[in-house]
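Structure, as structure tokens:
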Amino acid sequence: MIIKFGSKSQVTIPAIIVRKLNLNKGDKINCRIEKNDIVLSPVRFEQKKCNDSIKDSNKKIFRL
């Protein structure tokens with residue numbers, strides 16, 4: 001599938017691919033280079049920063 005490179009270095013992912021990968025507005029896409037090719041892949045989870053995890057764990061402490 002060939003798509004056009006836009007004036008602001010943007011590309012549009014074709015609707016058929018968006019539907020097949022179940023992408024939604026606001027989803028994150030990983031972009032990397034492999035052997036001179038651009039590879040895009042959906043990010044299915046987001047890692048929290050270590051400090052955020054510690055803050056969240058403090059909320060779950062119960063004392064007896």
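Residue indices begin at 1 and follow the sequence shown.
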*Taking the side chain as every heavy atom from C-beta outward, state whether Leu23 and Ile29 have any pair of such atoms under 4.5 Å apart.*
yes
*Would you say Met1 and Ile17 make side-chain contact, with heavy atoms under 4.5 Å?*
yes
*asked:* Counting only heavy atoms not in Ile3 (residues, nucleotides, ligands), do more than 12 fall under 6.0 Å from its CD1?
replied: yes
Could you list the donor-acceptor pairs under 3.5 angstrom formed by side chains in residues 30-42, with sequence neighbours left out?
unit_1, atom_1, unit_2, atom_2, d
Arg32, NE, Glu34, OE2, 2.8
Arg32, NH1, Ser41, OG, 3.4
Arg32, NH2, Glu34, OE2, 3.1

*Would you give the length of the straight line joining atom CZ of Arg19 to atom CD1 of Ile13, rounded to the nearest 0.5 angstrom?*
13.0 Å
